[in-house]
Amino acid sequence: MSKIQIGILAVQGDVTENFLATMASMSELGIDGTVVQVKTIEQISELDGLIIPGGESTVIGQMSLVNGGLKKIKEKIESGMPVFGICAGMIFLSKNSKDKVVGKVEQPLLDVLDVKIERNSFGRQKDSFEANISMDPVGISSFNGVFIRAPSVSETGSDVEILAKFNEKIVAVKQGNILATAFHPELTRDISLHKSFVKLVDNLN
Amino acid sequence: MIPLSGDIPDSKGAICGKIDSNSIVRGTSTLKRGFAHMLKNGVVMDVTNVEQAQIAEEAGAVSVMVLDKLPSDVRKAGGVARTASIRIIEEIMDNVTIPVMAKCRIGHMYEANVLDETNVDMIDESEVLTPADEYHHIWKWDFTTPFVNGARSLGEALRRVEEGAAMIRTKGEPGTGNVAEAIYHIKKVNEELRTIKSMYDSDDKQELVKMAREFKVSYDLVEETAKIGRLPVVNFAAGGIATPADAAYLMSLGCDGIFVGSGIFKAEDAQERARAVVLATTFWEEPDKVKEAQKMIDERQSLLGLDVKNLDLKMQERGSTV
């Protein structure tokens, strides 16, 4: 089995936190691999898995468009590379997104995850919250969900599996090689979600 | 492990939210500091109206900061500078999807309350406005809304963190279009961080205690900072940034991101410049991209700028000794 390489999209957002959580996951699982912060087409094309971190989806989208990164990421995901989108990353992966207050805003999306997203679904920063989430389909019964100006999934396509809901809103989904959460596992000390993503990448390799 | 570490116990700042079907909590350090983490590698732009806020969002700003006047106009106008009109802040909040910040005066607890009630995403307790209390900053732990504060040195930054700031911006000299002070202060903070890190690495507790006394903050906070070798919260650069090259240089000095005040909307090519500054901040490690960004702007349209040595008013000095 060859050494796996997981990239953290380093355009904007909390890249370092995901980098550290992925490193820790690999070492705990005893998996031989590297974690790299990626931005360019060349770096992205070498990856076995990609994490799109939290940040501002409008910025991550626009800046990924600039150097052709967006197209390359889409190509890789469509050819089977596992990807994990967190908050802004989940929005960026989606087919369709609109803001709860402002409505439809033109923003570049990867258009690979068959969901409709409601941005800022739980309100503004003051309404940001922590709550206990259960994701039984991936074997995680209790997880500290850190929701920061978080989106939610308002509609899902037929291939999309719902992993978690909070107050009737969908906050974590899986569609084949795509994993996405509205909350930030990288801001907690619990690396179980990063570990399950690393395992997903490792199994395919 | 996660550089959110340096977590001062949550109890100091935690406010329990309303209980929904599940139990939830709001206003924790993780949520307040975490918000700042989401801004990393981004550009926050000063704006005074909806039109500017929309230009900023389209250009790729990670957030906008609402002011009544841009810092260079505050400087020209003189008088007392206060928090922006609530109606304008709300109008901007209704028209952009990115986070909206606003400034309150140093120590002005009730301007902060008003901004908190307005639901802005972050409050900047800022030296650009006229200080309301020369002896105290706002005690920020009591708020659910996160705060950002300016600092010219590590001691000042840690004093603000100890008061509950969730984010720091190293100060420059606002409204000058002159990046020199921002560069000086970030280098100073970096040097002080290196100094206490080496004390920690050589297990010299006595020197760390001396530093805590000099900084006028608790020993625990100094030790925690020394251990991780960086500020325990996200740190942006601010003050005097006018061009893409300015932004890229500050990123290369280890800042987590950039605040741009007058540099964009006091220039004559604001739209292009906003975009160019974001590009240079995102791709600061790639010289060809920074050059491309710099090429998008016209130096003849830059904010003319001021020599910091000849200023009557140094905003950066406000609130920095307490």
Side-chain angles (χ1 to χ4, degrees), chain A residues 10-18 20-21 23-24 39-40 53-64 66-67 87-88 97-103 105-107 119-120 122-133 144-149 166-168 184 186-189 191, chain B residues 1-5 10 14 17 20-28 30-43 57-63 93-101 116-117 119-122 143-146 234 256-257 275 278-279 281-283 285-286 289 292:
Chain A
V11 172
Q12 190 273 320
D14 69 338
V15 178
T16 324
E17 297 72 359
N18 279 289
L20 294 172
M23 293 274 278
K39 210 180 284 186
T40 66
E56 274 304 310
S57 61
T58 50
V59 185
I60 296 174
Q62 286 183 48
M63 291 299 120
S64 303
V66 170
N67 65 354
C87 192
S97 136
K98 82 186 211 323
D99 188 87
K100 191 180 183 184
V101 175
V102 182
V105 174
E106 283 305 317
Q107 68 177 111
R119 285 180 63 198
N120 301 316
F122 298 90
R124 306 192 71 92
Q125 172 58 17
K126 218 173 141 183
D127 307 306
S128 292
F129 63 97
E130 292 184 52
N132 214 31
I133 300 299
N144 177 25
V146 176
F147 292 81
I148 297 178
R149 284 172 48 94
F166 180 77
N167 276 359
E168 302 309 308
H184 294 277
E186 78 283 12
L187 294 183
T188 68
R189 285 177 176 76
I191 56 170
Chain B
M1 179 191 73
I2 312 282
L4 261 188
S5 65
D10 275 350
D20 294 323
S21 60
N22 296 298
S23 148
I24 69 171
V25 57
R26 296 195 169 93
T28 62
T30 301
L31 291 167
K32 294 202 271 189
R33 293 178 178 191
F35 168 75
H37 281 244
M38 297 312 136
L39 306 174
K40 290 203 309 187
N41 303 307
V43 181
E57 180 176 43
E58 274 163 36
V62 79
S63 173
M93 283 168 41
D94 289 341
N95 283 284
V96 296
T97 64
I98 54 178
V100 175
M101 307 183 186
D116 181 64
E117 281 300 313
N119 268 340
V120 300
D121 297 290
M122 182 171 246
F143 286 81
T144 310
T145 306
V234 166
D256 294 317
R275 179 84 182 160
V278 174
L279 280 170
T281 304
T282 308
F283 299 105
E285 287 159 297
E286 300 170 49
K289 288 269 188 346
E292 256 174 61

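The sequence lines fix the lettering, A, B, ..., with proteins before strands; numbering per chain opens at 1. Hydrogens, waters and symmetry mates play no part in the numbers below; they use all other heavy atoms, side chains included.
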Participant: Based on non-hydrogen pairs under 4.5 Å, which of A/Val146, A/Val15, A/Val66, A/Ile60 is most in contact with chain B?
Facilitator: A/Val66
Participant: Any Lys/Arg nitrogen of B/Asp121 or A/Arg124 sitting under 4.0 Å from an Asp/Glu carboxylate oxygen of the other?
Facilitator: yes
Participant: Under 4.5 Å heavy-atom distance to chain A, tell me which part of B/Met93 shows up: side chain, backbone, both or neither.
Facilitator: both
Participant: Are the side chains of B/Glu286 and A/Lys39 in touch, meaning some heavy atoms are under 4.5 Å apart?
Facilitator: yes
Participant: Between CZ of A/Arg119 and CD1 of B/Ile98, what distance do you get to the nearest 0.5 Å?
Facilitator: 9.0 Å
Participant: Is chain A contacted by the side chain of B/Asn119, its backbone, both, or neither, given a heavy-atom distance below 4.5 Å?
Facilitator: both
Participant: Check each atom of A/Ser128 against the heavy atoms of chain B and say whether the ones under 4.5 Å are side chain, backbone, both or neither.
Facilitator: both
Participant: Check B/Leu279 against A/Met63 and note the closest heavy-atom contact, atom names and distance.
Facilitator: CD2-SD, 3.8 Å
Participant: Under the salt bridge (charged side-chain N to carboxylate O under 4.0 Å, His left out) test, which residues partner B/Glu117, sequence neighbours left out?
Facilitator: none
Participant: Might you point out which heavy atoms bring A/Gln125 and B/Pro146 nearest each other, and give the distance in Å?
Facilitator: CG-CD, 3.5 Å
Participant: Mind checking whether A/Gln62 and B/Arg275 have side chains closer than 4.5 Å, heavy atoms only?
Facilitator: yes
Participant: Is it true that a side-chain atom of B/Arg26 and a backbone atom of A/Asp127 form a donor plus acceptor pair closer than 3.5 Å?
Facilitator: yes
Participant: Please report the interatomic distance CZ(A/Phe147) to CD1(B/Ile24), rounded to the nearest 0.5 Å.
Facilitator: 9.5 Å
Participant: Taking side chain as C-beta onward, heavy atoms only, is B/Met38 less than 4.5 Å from A/His184?
Facilitator: yes
Participant: Taking only residues two or more places apart in sequence or in another chain, which ones pass ring pair (Phe, Tyr, Trp, His ring centres under 6.0 Å) with B/Phe35?
Facilitator: none
Participant: In Å, rounded to the nearest 0.5 Å, how long is the span from NE2 of B/His37 to OG1 of A/Thr16?
Facilitator: 8.5 Å
Participant: Out of curiosity, A/Asp14 CG to B/Asp256 CG, how far, rounded to the nearest 0.5 Å?
Facilitator: 11.0 Å
Participant: For the candidates B/Pro99, B/Gly60, B/Gly42, which exhibits the highest count of non-hydrogen atom pairs separated by less than 4.5 Å from chain A?
Facilitator: B/Pro99
Participant: Closest heavy-atom contact between B/Val62 and A/Glu56?
Facilitator: O-CG, 3.4 Å
Participant: Between A/Thr40 and chain B, which part of the residue has a heavy atom less than 4.5 Å away: side chain, backbone, both or neither?
Facilitator: side chain
Participant: Could you look at A/Val105 and say if it's the side chain, the backbone, both or neither that has a heavy atom under 4.5 Å from chain B?
Facilitator: side chain
Participant: Minimum heavy-atom separation for B/Asn41 to A/Gly13, with atom names?
Facilitator: ND2-O, 3.6 Å
Participant: Kindly say whether B/Asp116 contributes a backbone atom to a donor-acceptor pair with the side chain of A/Lys126 at under 3.5 angstrom?
Facilitator: yes
Participant: More than 12 heavy atoms of other residues, nucleotides or ligands under 6.0 Å from NZ of A/Lys100: is that the case?
Facilitator: yes
Participant: Evaluate the side-chain proximity of A/Ile148 to B/Leu31: yes if any heavy-atom separation is below 4.5 Å, no if none is.
Facilitator: yes
Participant: For B/Val234, is it the side chain, the backbone, both or neither that has a heavy atom under 4.5 Å from a heavy atom of chain A?
Facilitator: neither
Participant: Looking only at heavy atoms and a cut-off of under 4.5 Å, which of B/Thr281, B/Thr97, B/Asn95 has the most pairs with chain A?
Facilitator: B/Thr97
Participant: So which of A/Asp99, A/Thr58, A/Val101, A/Val102 has the biggest tally of heavy-atom pairs under 4.5 Å with chain B?
Facilitator: A/Val102
Participant: Ignoring hydrogens and geometry, is there a side-chain-to-backbone donor-acceptor pair from A/Gln12 to B/Val43 under 3.5 Å?
Facilitator: no
